[in-house]
Structures are given as structure tokens and as C-alpha cells.
Amino acid sequence: MRGETILFTRQRRARIARRFVPFAIGWTGMLLVWVGVFALDGRLTPGAIAAAGAGVAMLAAAGRVAAATPPSPWILPVTVATCAGLGLGAAVMVHAVGGYGEILAFLLLTLYLVTALVFGWGWRVEAALLASTLTPCALVLARFPSFVSRLELGAAVAIGAAVAIALAEGAARDMRQVARRRRAQEAAVAALQTSRDAYRDLAERAPDMIWTCDLQGRLTYVNEALAAFVGLPAREILGRAAVDFWTPHADNPDFATLLASGRAPDGLIRAQCTTPRGPRWVEFSASAVHDEHGTPAGFRGVSRDVQERHDAETALRASEERFRRSFDHAPIGMAVVDPDGRAVEVNRSFATMLGYAPEALVGRPMDALAHPDDVARSAAEARRLLAGEIRAFEVEKRYLHRDGHVVWGRLGCSLTHDERGAPRHMIVQVQDISEHRAAEVALRESEARYRGLVEAQHDLVVRLDTEGRFTFVNEAYAAAVGRSAAALLGTSFVEIVHPDDHPRVAEMIAAMIQPPHRAYAEIRNLMVDGVRWVGWEGGVIVGPSGGIFEAQAVGRDVTERHVAEEALLASVAELRRSEEKLRMLARRQAAIREEERKRVGFDLHDDVCQELVGIGILVEALRRKLGPMPAETGAEFERVARYVGEVVEHLRLLARELRPFLLREVGLVGSLRSLADGMTSPTLAVSVDLETPISRLDEETEIAVYRIAQEALTNAVRHADARAITIALAAAADTFALSVGDDGRGFDPSTRPAAALGLASMEERALALGGRLDVRSAVGVGTTITLRFPFDARRGTRVREPADSSPTRSSSRPSGATTPRAAARD
């Protein structure tokens, strides 16, 4: 009972704390509404505002207590006191505005009913709230005007108070009932948990693997034994399908069918599972788990590791099957012989080897099939075997074929015993080695021929073991290194190799180990006549089992070729240095030419043009000094002034082309577009095509590309009689390309005159850029000039524009000479 009371108290505190904030927000909203109503009615007073503000302040202060976690024990008295304060504040607010008693009764009943329903704190707490608010309010209620009689107003308030008490007690009883049910549930859960813990402890300590799964085969519980078996923590196993831990073995049961049946399988089932120790066989039994309605909800089972038993059973079956299969289908002859030496059973291979049918040999003495000269030796070994002196023996002996020729065989014999340990049968295996014997003879002959061939070679021939030691060297190699063949055997190959080439030897050996087991390397060797380059062609000899047991290499002196190659490489290096010097010279020449263009442009603009302007001014001044003159003379003066102006404008345009300021302002693309627009006319269309976005290049590169495009356009206009010219730009990852193509008359590039200075200038600029200029043309089909040069990050990124500085200009005019501009100034 005490526990139930404590639980009820905690729940009531939690409920009050959880619902206080919504209650405070609602009551604050109501106060604001009434303040607004009083204000609109013109009756709002400072006292009413103070009473409303005091209510909001009390709600805020109590809200801080309600926000405590866990709920404070003071939450109940603080909330009751706050609600009492709200009731008294409502009385003060209504009185301050001269309100009616019905308004105060409405506010108080609203407070009582809301607190009873929201907080549900029982009739005692609700009665305390009523007493703390109704008693003071009843004393002043007579001062409030009202539309109804004081008796009717009091009866309404009393009825509302009684309803609030009933609602508070009903809510409290509901909460107590919930507390009783929760306590009962907690007790039941605790009992269930105790039972489950006992079951879990039993399951976790069990040596067998215990598990449960749902109807989809997903594991819902596994004990520690099963987790250790599959090598994963239990938490990583839960939720995974049981078949995830099964191997795809053909003998595994169809678990999906078992699950679909909805009933536990009968008897024990065996399956192969994956474990950290490899695939292992387990045996399990399962039973169905039903819910409260009797519907199957899953399965529970117990599994046991039966790998050892399975291995033993499998080994026994395999042994029996293997013996029978190996006996019947063995590629070598096999026979079962009794202790007297007679054949009990022979396989087809043995009978075929000797030219008989298998049944024709059953019952015959085995010695009758052997060559007479080899019977004694095998018979002696058989007697030792039957006497227990040896467990098995092996001999090579000759057998007589049915047609009379000799068959060489390698005989192996072992003994089986009965349950009492007495000899039962001899198991005889005979391998036909006639071809092997013939191959040995052929091999000896082949080795003799091979040795003679190798010794006669002028090339260097060596064989090495797996440690890199000589097992054979021919006379040519021995003579080259100045040591005898006998002295070289057993020494290391790398002892004769130049120390700087030891890594190359290691690389060659590593290459020979990998298929196709061939490698070539040129290595310096320490020979009698000094260090010599030798080209070694090597390979390895692979044994029947796939292992490497020897390496063989043939070498040839390539010193002269190396000397020639080194001389060639030196020449190529010198050629590249010369090419780089030529490129730097071309770049310097282009820079000097560009500087000269700038200087001439400045001289034309700042000196010549100014001088011509001065001449024009002098002419105009002279005309004015002469006064009125004949019309013909005046026309001549005007013609002179117009010609001078045209020359000045022409020279200014020429100066702009000599020093393209536009290139620095708008970049290569903008300058080419401006150049194309300037050359476009009613009879000529010049367009710029950007195949890829083009960023700013460094100044030197932009000037070179612009000059090449300018020269190509000029040539097309002057010589090709073109109607359309296209300028194309493209920047790839590592290459920049400029193409200028026209539809003019074209020409034959092979007959280009040596005086074609425009093409020569373009080729020089292309060389300075480290690129090349490609000219493609044919008579009647137009001309395409393409520039390509390396495009790296240094050129491809936007460069910071250099500060504007005018180049130094010089003039050959004597300092004391009087210029027209000076004269005009004077």
C-alpha cells in the first residue's frame, strides 16, 4: 500500500509538472483577453494591470519550479499557492475595473474546473484551493454589483465548486487506478524478468547452442555457446537469418521449406555452418513457439557440434568408396593377394598391362606372372612382410606380357589384418614404368647430346640452383671469366656481376619466377678483359609438381652495342640542348622584335604624329597670316590640311597595331574578336570560334599567339582573295591550339618561296613557344594554319597584369633641331 501511495505521489508530481506550462500559457492568454476587453470598454485601470501582471509573474515563478527534473516535491504546494494567488488576483482585477460579480464568479469557476481537470490532484487539494480563494472573495463579493441576486450568485459559485471537487477527485482516482495497474504490471514484469533471467542463466551456461528465431528464420536469441561457435558477439547475430551462417553445402536442409510449414521438424537435422575454424557440421532439434492465441510465432532449438562424428562417418564412407573406386578405376595395376600368393581380385589396369582379362588372373600365383630372374627378390620381401618384419615394401621388377615381351613394373605391397591381427590379404599395386625406363635411356642420350652442343657454343651458357649458385658453366663462360668450370661450380652468379647491377639481377630473377618464366637483362660482368656488357636470356626449369628447381641462362657480349648506344644518347642529348638554345634564341628574338614594335609604335604616336599635327597647325597659321586669298589657293591649303590629318590617323592606327594595348586590357580572346571585327567588311567575313573556354595566358604567350593570328589573317586578306576566315581556339589539358582557316585560292606548300617572311615569322614564334606550326593548303581549296604548343598550369592560369610602364624611347633627331611641333608651340 505504501509503495502504491509513493508511486501515486510521483505520478501526480510528474503530471502537474508536465501540464503546468500549458496551464500557465492558457491562463496568461485569458488574462490578456480580459485586459484587452477592459481596455476597449474604457475601464482599464493601473490596479487591474498590476493584478494581471502579478498573476503572470506568479505563473513564471512557479514555472521554474515545474521545470525541475525530476519533479520537485514542492511542485504541489507551489502550484496550489499559485492558483490561489491567481484567484485573488482575479478578484482584485475585477474590483479595480468596477466589474460585476458574475465576471468574478466566471473567472473563479474557470480556475476551479481547469485545475481539477488539468492537475487531477484530488478533492482535498481542490477543497484547499476553494477555501483559500472563496473565503476572501466572499467577504468582498457583496461590494460587487451584479445582475442577479447575491443568493443566486452564491448558489452558482457553490455548485461550480462542488463540481470542481468532484472532477478533481475523479481524476485523482483514475490516476490511482493507473498507479495500481502499473505497479501490478511492474510486479508481473519483475517476476517474468526473474523467470527469464533464470532461464537465460541456464541457457547461457549450457554447453549446447540454444537459439530462437521468428517465422522468417531471423534469430531472436542466441546463447554464448552459439556466439562463440560462429565467432561473433551475440548482438551482431541477432536479427540475421539462421541460414546466413550455413554454407551452400548440397546436404544442408531446405530451411525455408521448414519455416513455411509452421511446425517443428521431426528428429535431428544436420547442417554445415561457417565458423572461425572453417565449415563445421552441427546437429539440431527444434520446437515451435506459439503466441497466446496458439498461433506459431517462431521456433526454439538446441544445436550441437558434431564435426568430429561427421568427419569419422564421412572418412569411413569415403575410405570404403575410395578404395573401391581406386581399385576399380586406378590407372595403375592393383591386386588383392592371399597369404599364399594367389590373386583374389585384380583390377582392369593390371590385367590390361599384362594382356589378360581380369577374371583370367583370379586364382593364379602372382609369381607365375613375373620374370623368373625377379621372383626371388619379391618373394623374400613378401615373407618379411607376412612375418611382421616390415609394414610394406617396394621393388622394381619385370613381368611377362601375354604375348611374351617384358613389362617393367614398380611393385608396392602392404598387408591387411583381420580382427584377430592375423594376415588377411596383401594389397599389391603395380605401376607400368616401361616408358619411364625407356625415357631414362633416352634422357641419358639426350644429356650427352646437350652437353656436347653447349660445350661447342661460343655464347655463355650457365645453369643455377635456386640459391643462385652455378651447377653448370660451359667452356666459353669459364674462359670469359678466367676461371675453370670446376672452380666456378657452387659459387654465386652475382660474384661475377658488377656491384651496380646487382639490383638488375634481382629483377631478372623475380621476372623468371613468374609465368612464362622467361626474362632478359643486360648486365655488366667482370671478365678477364675488364667489365663487359652481357645480354642474358634466362628461363627456369619447372618440375612436375610445379616447383622451380633450376634456372638456365644464355649470354652474349653486347659491349660494342652499348658503347654505340651511349654515343647515340650523348648525341641526342646534345641535339636537345641545341634545340633548346634555338628555342630560347627564337623566344629572345621574338621578344626583341616585339620590344622594337613597341618602341616604333611609341615613336610614331608620340613623335611623328605630333610632328605632323604641328605641321598641320603651321599650315593653318600660315593660311590665316596670308589673309584673304584666291579660292584655288584656299582649296590647296585645305587639301594639304586634310592629307596631313589622314596621314596622322593612318600612323596612329599603325602605332596601335605595333603595340597592341587592347591585348593587355581584354586578353587574347577579346583582342582576336576586335581584330576580326575590324577586318570584317561587306566582302569578307571574319569569325572567332572558341571550342573550349580560354583563360588569360601570360603576356609573352598572348602576344605570340596574337601575332601569329594577325599574320595569318593578313596573308589571307592580301594573297588568298578569301571571302570567309575562321579563327578557332582550343585549350586541352596539356595543349593549346590556334587555327586560322580561309576559303581562298590556296597554294602548294611544297613550292613555298624562301622569301615568304610571314610564314617564317610565324614559325619562329611557334618555336619560341615550344610548339610547331602546321600549314595545310591546296590550290583552290583554301589554307589552314594551325599552331600547337604545350599548355601547362603556368600558362593556363590567369596571370596578374603587370603594372603599366611605358617603354624607353629614343630618337635619332638632334636635340637642337627645331620641330614643327616646337615651332607651332612657339
Side-chain angles (χ1 to χ4, degrees), residues 16 18-67 78-121 125-168 171:
I16 294 173
R18 186 171 61 253
R19 297 185 176 185
F20 185 83
V21 173
F23 166 75
I25 294 173
W27 191 264
T28 301
M30 187 188 72
L31 289 176
L32 294 176
V33 170
W34 279 109
V35 168
V37 170
F38 294 149
L40 293 175
D41 200 25
R43 294 187 296 164
L44 186 62
T45 64
I49 296 174
V56 174
M58 285 188 292
L59 288 172
R64 299 187 62 180
V65 177
V78 168
T79 303
V80 174
T82 301
C83 292
L86 293 175
L88 297 176
V92 173
M93 182 178 66
V94 174
H95 181 269
V97 298
Y100 294 95
E102 286 83 359
I103 297 177
L104 177 60
F106 171 78
L107 292 175
L108 291 178
L109 290 177
T110 301
L111 177 66
Y112 300 151
L113 294 175
V114 168
T115 54
L117 290 174
V118 171
F119 299 124
W121 45 29
V125 178
E126 188 71 16
L129 175 63
L130 293 173
S132 62
T133 54
L134 284 180
T135 300
C137 291
L139 297 177
V140 298
L141 190 61
R143 299 183 180 183
F144 286 88
S146 61
F147 295 102
V148 298
S149 65
R150 299 289 186 271
L151 182 59
E152 291 173 342
L153 184 61
V157 171
I159 292 172
V163 172
I165 291 175
L167 291 175

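Throughout, residue positions are numbered sequentially from 1 according to the sequence presented.
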Nearest heavy atoms of [X] and [Y], plus distance in Å:
{"X": "G89", "Y": "A51", "answer": "O-CB, 3.6 Å"}
{"X": "T82", "Y": "A62", "answer": "OG1-CB, 3.4 Å"}
{"X": "A52", "Y": "L31", "answer": "O-CD1, 4.0 Å"}

Check: Does R18 have any salt bridge (charged side-chain N to carboxylate O under 4.0 Å, His left out) partners at least two apart in sequence or in another chain, and if so, which?
Finding: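 R18: no salt bridge (charged side-chain N to carboxylate O under 4.0 Å, His left out) contacts found.
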With a 4.5 Å limit on heavy-atom distance, are the side chains of [X] and [Y] in contact?
{"X": "L86", "Y": "F23", "result": "yes"}
{"X": "V56", "Y": "W27", "result": "no"}
{"X": "L88", "Y": "V92", "result": "no"}

Checklist line | Candidate list L59, V125, T115, test side chain to side chain contact (heavy atoms under 4.5 Å, CB included), partner C83, passing option | finding: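 Of all the options given, the one that passes is T115.
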